Amino acid sequence: MAVIGGAETPARKAKWALLDVVVVVYALVPVLWIVSLSFKTKGTITDGNFVPREWTLDNYQEIFTTTEFVRALVNSIGIALIATLIAVVLGTMAAYAVARLDFPGKRALIGVSLLIAMFPQVSLVSPLFDIERALGLFDTWPGLILPYITFALPLAIYTLSAFFREIPWELEKAAKMDGATPAQAFLKVIAPLAAPGVFTTAILVFIFAWNDFLFAISLTSTERARTVPAALSFFTGASQFEDPTGTISAAAVVITIPIIVFVLFFQRRIVAGLTSGAVKG
Amino acid sequence: MADIVLDKVTKRYPDGALAVREVDVEIADGEFIILVGPSGCGKSTTLNMIAGLEDITSGELRIGGERMNDRAPKDRDIAMVFQSYALYPHMTVRENMAFPLRLAKLDKQTVNRKVEEAARILDLTQHLDRRPANLSGGQRQRVAMGRAIVRSPKAFLMDEPLSNLDAKLRVQMRTEVSRLQKNLGTTTVYVTHDQTEAMTLGDRVVVLRGGEVQQVGAPQFLYEHPANLFVAGFIGSPAMNFLPARVEGDRLHTELGELPLTDRVRRLLEQAEAPRDVIMGVRPEHFEDAALVEEHARAGGAVYRGQVDVLESMGSDKYAYFSLGGERASSAQLEELAADAGVTDLPSGGGQLVTRLSAASQAREGERVEVWFDPDQVQLFDPNSGRNLTYQGG
Ligand SMILES: Nc1ncnc2c1ncn2[C@@H]1O[C@H](COP(=O)(O)OP(=O)(O)OP(=O)(O)O)[C@@H](O)[C@H]1O
Ligand SMILES: [Mg+2]
């Protein structure tokens, strides 16, 4: 009789192992290629070898000695963190309202936020450019933070309201009976339980802001607010005629590190099934 | 500690549903009162209004003499135990129980002392540092109780706190709740579905039906003197037998034969201006195997002879079921009860008679047997209004 899932036969295991390897290789080859390039010397960079024949840290040294890259890195980190923080705080409050309250205009709010998420960002670039020029936001941190928040919020509200809906409402009533004000009930009971959702959302928003290229290139003009993805496209070699492949690779490797750190840091906090045990299940 | 007074309290939900209608109950200080009734009769709504989790549409709620209608739950100083327990999953048992105390800004030492004392009372000391997810159902239930008792509130509200436990644990926790309440002497309002809990726990029972109070009284009083068909059918297990009957002079025509009306009953019927067609109610425990009733006692009673359909031996007693021909007693209130019970209890066709006989009875399934009962124990009801025509108020 066929059993769903099947038995753990060696053949089956081998099949899965092969599949896993294919997926991992497919996903990681470009990344490893970039890493490899970043460690190659200028002479061997075009030799096409997967493993560098001569290892060097020159490329890394070079990007950190130019203010261009360091400045962009600071911009990226600052802008992405601030945008994440604000989007998550606003998103948490909005999602809570969406999940728990019945207020006039709730459907409209959800509709509009969906609309924003679906709107092609590229068609907004020109108007945003004009608006920001007029308002003096062009080429400033707020000039990027604001659009990031706008586009991240629908995502944040969606993810978070799904988490809020999972939390038994009785917990909030219990907190009220235990003497909590509505604010205390939210902060001490609901928010900690929604934490996995908050961290998940934070990761998503951070990645979105960190990876954005379109707004970064269109709404900045100098080092003042230019983020790494935009700055990378302005990279040149030491001289005008030198190929910047090595330095671009090194920069690309460097900017993936904060993402990995951010994800690892928050992933620990995403403990699945935190709400189990609240109610008899 | 305080008394709780519901003065014509009414609840209409925003969607127009009238959940509770003009409930008048005065709960004395230290009293253990039970709200009981079928699903959807407004028990939880009433409790939530006392708690402050639901607004009161009209009427007044007073706790300790003070009007509470517009106070937030946290300012009412009452604790609640939820059916789902509603323990905070991210906190340990200790933190759960300390939560109300910490909100009340008590100092650390006092909090610890109170939590440990409550844990000792509830036998939770060795579980204090565990999380709710790792506790058994009974332990979770006790934590929920602990969280309510730590802060010595004016009153406890409990919404079906035992309904999630298995049968054995439920019986055990029932006595524990009762003992706890006696020791603490705190006014308690307890909602339940279960008429056994209603009978055993409370000082008084409030029977609700469709948002209206049917009767308030001590469990034994409700059992002996139900105000109407609904209360009669709801209180007692197995339920009271209801049969159509007809009053003719000083006799009563029923499926069980012709019964004499005692003077007491006749006088009550006259006072109540009873119709001729009535519904007769007799409790299963008022029957006995005629063979076991001594000759001189039999004289005052009536005897029904029938074939035993099903015989259930419970060890201490035997339940003999008979099917009766003819019509089944019909009334709106009885239909409501049947609907709540899931109708499975009702056989199709004619009525059924349930009798409780002594263990010594020789009755056998499929055999004919004589059962004896005392006609003075019979209660008569008006089929239209459901009113108990033989009601003797106390
Ligand atoms: N939020 C609500 N909005 C509208 N109607 C409601 C709401 N809550 C309850 N009701 C209605 O009010 C009535 C009483 O509900 P309530 O929850 O008090 O019943 P209950 O006696 O506690 O029932 P149960 O034994 O099933 O818990 C029901 O008819 C229900 O449909
Ligand atoms: Mg209820």
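Reminder, nothing fancy here: chain letters follow the sequence lines and each chain counts from 1. None of these values were measured; they are calculated from a predicted model.
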Task: Full working for side chain to side chain contact (heavy atoms under 4.5 Å, CB included) between Tyr88(B) and Leu193(A) - done: CA-CA 9 Å; Tyr88(B) 310 125; Leu193(A) 293 176; over 6 Å; no

- [ ] Go through the atoms of Leu53(B) and report whether side chain, backbone, both or neither lie under 4.5 Å from a heavy atom of chain A.
- [x] side chain

- [ ] Could you look at Ala72(B) and say if it's the side chain, the backbone, both or neither that has a heavy atom under 4.5 Å from chain A?
- [x]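 Contact with chain A is absent: no heavy atom of Ala72(B) under 4.5 Å.
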
Task: Side chains of Lys188(A) and Leu103(B) in contact at under 4.5 Å (non-hydrogen atoms) - done: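 Touching, per the 4.5 Å side-chain cut-off.
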
- [ ] Flag the pair Tyr85(B) / Leu171(A) as yes when at least one side-chain heavy-atom distance between them is below 4.5 Å, and no otherwise.
- [x] no

Open item on the list: Show the nearest heavy-atom pair for residues Arg151(B) and Met177(A), with the distance to one decimal.
Closed with: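 Smallest interatomic distance, heavy atoms only, reads NH1-O, 3.0 Å.
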
TODO: Heavy atoms only: give me the nearest Lys176(A)-Pro73(B) pair and the separation to one decimal.
DONE: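 Heavy-atom minimum between the residues: O-CB, 4.0 Å.
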
Are there more than 12 heavy atoms of other residues, nucleotides or ligands under 6.0 Å from atom [atom1] of [X]?
X         : atom1 : answer
Phe103(A) : CZ    : yes
Glu60(B)  : CD    : yes
Lys15(A)  : NZ    : no
Gln126(B) : CD    : yes
Asn69(B)  : CG    : yes

Open item on the list: Quick check for you: among Pro182(A), Ala174(A), Ala180(A), which has the greatest number of heavy-atom pairs under 4.5 Å with chain B?
Closed with: Ala174(A)

Open item on the list: Within this structure, what is the NE2-CD1 distance for the pair His90(B) and Ile190(A), rounded to the nearest 0.5 Å?
Closed with: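 Rounded to the nearest 0.5 Å, the NE2-CD1 separation comes out at 8.5 Å.
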
